Amino acid sequence: MDRLPLTTRADTSGIPSLDGLCLGGALMVALYHVAHYYVKLGGPAAFEAAHGDPLGGMLLRCDAGVMLLALAGGFALGRPLAERRLAGLPGESWWAFVRRETALRYPLYALVLTVFLVCLLWVVRVRFAELAPHFVAGLLAIHGAAFGYENPINTSAWLVEAELQFVLVAPLLGSVFGLGGTVARRATLAGIALGSAAALH
């Protein structure tokens with residue numbers, strides 16, 4: 001490991017367990033959406049009945065698969081950063097990393113958000129003034145932080161927002177692996193995790 005390419009592309013090659021985690025997360029999300037929309041068609045009574053049923057309750061909790069996918073994605077994104085630091089090699093500049101990792105993510109995200117906005121304005125006839133603040137916050141990837149709830153333009157946008165925000169802090173987290181000593185690294189990471197949990201509440 002004396003020479004690693006200066007790249008931080010998310011790479012899961014050679015980790016079958018991570019592929020399995022992604023597959024499991026994707027299947028859970030698919031099951032959740034099927035169960036959720038099926039129950040939603042039945043109205044409030046069906047929703048309550050599904051939660052009371054062991055199988056229905058389990059399926060409606062399969063949205064936890066999103067967290068599995070986020071965990072796997074974060075690991076894949078941060079793994080090359082940690083490997084370079086642990087090998088004693090210099091890390092990539094923050095701006096170069098962010099620019100590359102958002103080169104594909106952000107344009108597609110902005111395009112989808114814009115298409116949804118146009119559909120709401122043209123088909124549903126929602127006033128632009130009502131959606132403008134949500135659209136701007138969505139483009140800045142801060143809607144969840146600014147409003148505290150999902151973006152009404154596209155309620156699934158929160159996941160991409162979270163990924164874009166993680167891209168911003170990933171190089172900083174990766175630099176922790178450049179600290180000397182396992183104890184120092186683990187203590188720093190534990191402090192960051194506990195601090196994040198405290199800030200969340």
Side-chain angles (χ1 to χ4, degrees), residues 7-13 15 18-37 40 60-82 92-124 126 128 130-174 192-193 195-197 199-201:
T7 177
T8 49
R9 281 292 184 194
D11 180 18
T12 63
S13 59
I15 314 179
L18 196 61
D19 292 335
L21 186 67
C22 292
L23 176 61
L27 289 175
M28 287 177 66
V29 172
L31 287 172
Y32 166 76
H33 280 290
V34 171
H36 177 77
Y37 286 110
K40 191 175 180 180
L60 290 174
R61 290 184 179 86
C62 278
D63 57 341
V66 173
M67 297 302 133
L68 292 180
L69 291 173
L71 179 65
F75 176 81
L77 189 65
R79 178 191 176 197
L81 291 166
E92 187 178 18
S93 72
W94 179 85
W95 172 242
F97 174 84
V98 171
R99 183 178 57 186
R100 187 182 61 250
E101 292 300 331
T102 58
L104 180 62
R105 290 176 175 87
Y106 186 80
L108 289 176
Y109 166 72
L111 175 62
V112 170
L113 198 66
T114 303
V115 169
F116 272 70
L117 174 68
V118 172
C119 289
L120 288 173
L121 296 176
W122 185 36
V123 179
V124 186
V126 181
F128 179 73
E130 296 179 16
L131 297 177
H134 301 287
F135 182 64
V136 173
L139 289 179
L140 295 174
I142 58 170
H143 188 278
F147 290 91
Y149 55 85
E150 296 171 344
N151 195 327
I153 298 175
N154 184 349
T155 56
S156 299
W158 70 269
L159 186 57
V160 185
E161 273 194 11
E163 186 177 5
L164 289 170
Q165 292 167 8
F166 183 72
V167 167
L168 295 178
V169 300
L172 302 178
L173 294 174
I192 293 173
S196 300
L200 188 63
H201 291 285

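The residues of the chain are indexed from 1 along the displayed sequence. Only this structure's heavy atoms are used, side chains among them; waters, hydrogens and symmetry mates stay out. Source: prediction; values computed, not measured.
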Original post:
What are the two closest non-hydrogen atoms of Ala170 and Leu77, and how far apart are they?
Top reply: CB-CD2, 4.5 Å
Original post:
Which heavy atom of Tyr109 sits nearest a heavy atom of Gly138, and at what distance?
Top reply: OH-O, 2.6 Å
**OP:** Would you name the heavy atoms of Val126 and Glu130 that are closest together and state the gap between them?
**Re:** CG1-OE1, 3.6 Å
**OP:** Would you check if Phe97 and Leu81 make a side-chain contact, meaning some heavy-atom pair closer than 4.5 Å?
**Re:** yes
Subject >> Non-hydrogen atoms of His134 and Tyr149 that approach each other most closely >> reply: CE1-OH, 3.3 Å
Subject >> Rounded distance (nearest 0.5 Å) linking atom CG of Leu108 with atom CG of Leu113 >> reply: 12.5 Å
Subject >> Distance, nearest 0.5 Å, that separates CD1 of Ile142 from CG of Asn151 >> reply: 11.0 Å
Subject >> Heavy-atom side-chain proximity of Val160 to Val112 below 4.5 angstrom >> reply: no
Original post:
Do you know which two heavy atoms are closest between Pro171 and Trp94, and how far apart they sit?
Top reply: CG-CD1, 3.7 Å
Original post:
Atom CZ of Arg61 and atom CE of Met28: how far apart are they, to the nearest 0.5 Å?
Top reply: 11.5 Å
Original post:
Taking atom CG of Leu71 and atom CG of Leu18, what is their separation to the nearest 0.5 Å?
Top reply: 8.0 Å
Original post:
Counting only heavy atoms not in Phe116, do more than 12 sit closer than 6.0 Å to its CZ atom?
Top reply: no
**OP:** Verify, without hydrogens or angle tests, whether Tyr106 (side chain) and Leu139 (backbone) share a donor-acceptor contact under 3.5 angstrom.
**Re:** yes
**OP:** May I have all residue pairs that pass salt bridge (Lys or Arg N to Asp or Glu O under 4.0 Å) and include part of residues 156-172, sequence neighbours excluded?
**Re:** Arg105-Glu163
Original post:
For the side chain of Tyr32 and the backbone of Ala64, is there at least one donor-acceptor N/O pair under 3.5 Å apart?
Top reply: no
Original post:
For Val66, which residues count as a side chain to side chain contact (heavy atoms under 4.5 Å, CB included) partner, sequence neighbours excluded?
Top reply: Val29, Trp158, Leu159
**OP:** State, to 0.1 Å, how close Leu21 and Ala72 come at their nearest heavy-atom pair, and which atoms those are.
**Re:** CD2-CB, 4.0 Å
**OP:** Starting at CG of Leu120, measure out to CZ of Phe135 and round the result to the nearest 0.5 Å.
**Re:** 11.5 Å
**OP:** To the nearest 0.5 Å, tell me how far Cys62 SG sits from His33 NE2.
**Re:** 11.0 Å
